[in-house]
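Residue numbering restarts at 1 for every chain, and letters A, B, ... go by the order of the sequence lines. Side chains are part of it too, since the values below use all heavy atoms of this structure and drop only hydrogens, waters and symmetry mates. Small disclaimer: the values here were computed from a predicted structure and weren't measured.
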There are 2 protein chains.
Amino acid sequence: MPRTIGSYSQNTRTLVRQSAERLFARHGYAAVSMRQLASDVGVQVGTIYNYTKDKQALLFAIMSEHMTELLQAWSREWQSTDPIDQLSQFLNFHLDYHLARRDAVFIAYMELRNLDAANFEEIETLRRQYEDALEQILIAGKSAKAFDIADTRITTLAIIGMLTEVVTWYRPDGRLKLDEVKSHYREMVLRMVMPQTR
Amino acid sequence: MPRTIGSYSQNTRTLVRQSAERLFARHGYAAVSMRQLASDVGVQVGTIYNYTKDKQALLFAIMSEHMTELLQAWSREWQSTDPIDQLSQFLNFHLDYHLARRDAVFIAYMELRNLDAANFEEIETLRRQYEDALEQILIAGKSAKAFDIADTRITTLAIIGMLTEVVTWYRPDGRLKLDEVKSHYREMVLRMVMPQTR
DNA sequence: GTCTATATTAAGATAGAC
DNA sequence: GTCTATCTTAATATAGAC
């Protein structure tokens with residue numbers, strides 16, 4: 001039987017990337033050896049170096065592409081001009097995207113310490129851009145008096161912290177369905193930012 | 001000049017512990033070698049093994065003592081019976097305690113992957129107890145109709161996620177004073193749980 | 001593109017002298 | 001209690017054959 005083009009066998013570059021992402025997320029960058037990675041891919045260690053300059057480049061590629069794709073995906077996603085809708089869209093987008101890419105997310109949050117100084121700066125810039133995307137929504141909503149927020153920066157960080165924490169415990173077969181989780185978070189975040197009469 | 005008892009020179013056991021906590025927090029458990037640790041303490045590597053069975057025992061001791069002390073400190077702290085006061089006390093306590101012990105906190109959140117299975121279970125149990133301490137406050141407040149909370153477990157995790165995230169960015173010389181940070185978070189959390197008329 | 005073999009360095013841990 | 005010396009294993013990375 002002839003090989004179906006590009007279907008049966010993934011190329012090694014892809015496999016290296018997938019294995020690295022999974023292993024780094026599970027055991028941590030520093031704890032994973034190039035031999036372990038090679039064994040997981042199913043090649044010998046020398047082969048890995050055909051696809052990456054060194055171990056650091058592998059980590060940086062994973063984090064950098066993750067952050068870039070995250071920013072691109074959000075820029076494609078958002079459209080509404082109503083502050084509340086924008087915020088809801090962001091919450092849904094963030095949870096969907098992060099839960100679908102748990103390994104990359106985990107790495108992006110946990111492995112900052114293991115980046116070279118130059119690589120660290122680049123990733124931090126991207127992360128900052130993502131935080132700013134949310135803060136812009138809060139700022140616009142505050143100007144329009146749709147939101148009542150004392151400090152948009154703090155609120156931005158609080159919301160992202162609270163949302164990202166979901167990645168550490170959510171399981172598809174857990175007590176709550178994803179839609180329930182999303183609606184709970186939507187309610188909590190809206191309460192945080194909407195004008196109140198207490 | 002005679003040595004002042006217990007003042008000038010800390011004993012090696014203490015130094016090993018302090019160095020390990022700082023180095024593990026900065027570089028990650030897996031990335032720190034016993035030689036690096038010894039050098040930081042100012043002894044040779046053989047000496048380290050007079051104070052720990054192995055590297056894993058060092059990590060477990062740091063995490064286990066941190067979690068135990070955290071739980072003890074909270075049990076000493078809380079007293080009020082009014083739900084809103086209890087929650088405010090928890091927020092203040094959590095931020096004060098976590099910001100004062102950033103290294104241990106960082107390790108306790110980042111290095112779970114590097115614990116042996118048995119050690120992991122033990123730490124998870126302690127962490128769960130701490131989460132439960134907050135959830136008990138929310139449950140009691142909900143029963144007393146002081147709080148309006150759809151799902152106390154989700155709200156517990158959201159609050160802890162949002163508070164702990166502060167550790168990653170707060171700096172004593174930053175834009176906001178600690179008291180300002182605390183009051184912003186108090187406001188956000190109270191909005192999340194208080195009955196609303198929107 | 002992958003393998004084997006190897007260079008080099010460093011890791012965790014222990015034994016025994018002082 | 002600390003040091004030096006050492007065992008053993010494993011790490012990153014490269015060279016060169018197939």
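- At least one side-chain nitrogen or oxygen of B:T47 sits closer than 4.0 Å to the OP1 or OP2 atom of D:dC3.
- The NZ atom of B:K55 sits 15 Å away from the P atom of C:dT14 (whole-angstrom rounding).
- Between A:R101 and A:E69 there is no salt bridge, since none of the side-chain N atoms of the basic residue sits less than 4.0 Å from a carboxylate O of the acidic one.
- As a whole-Å value, the separation of A:N50 CG from D:dC18 C1' is 14 Å.
- Set against D:dC3, D:dA13, C:dT14, the side chain of B:Y49 has C:dT14 as its closest nucleotide.
- When the P atom of C:dA10 is taken as reference, atom CZ of B:R35 falls 10 Å away, rounded to whole Å.
- Here D:dC3 is the nucleotide among D:dC3, D:dA5, D:dA13 with the atom lying nearest to any side-chain atom of B:V43.
- Look at A:T12 and you won't find any side-chain N or O under 4.0 angstrom from OP1 or OP2 of C:dG1.
- Rounded to an integer number of Å, the gap from B:I48 CD1 to C:dA11 P is 13 Å.
- Looking at every heavy atom in both residues, A:P195 comes nearest to A:K145 through CG-O, 4.2 Å.
- Ring-centre distance between B:W74 and B:F90: below the 6.0 Å cut-off.
- Residue B:K53 contributes atom NZ, which lies 12 Å from atom C1' of C:dG12 at whole-angstrom precision.
- One interatomic measurement links the two molecules: OH of A:Y51 to C1' of C:dT2, which rounds to 8 Å at whole-angstrom precision.
- Atoms OH (A:Y29) and C1' (D:dA11) sit 12 Å apart, rounded to a whole Å.
- Between the P atom of C:dG1 and the CG atom of A:L15 lies a distance of 13 Å, rounded to the nearest Å.
- Between B:F93 and B:Y130, the ring planes lie tilted relative to each other; the angle falls in the 30° to 60° range.
- The phosphate of D:dA10 (OP1 or OP2) has no side-chain N or O of A:S33 nearer than 4.0 angstrom.
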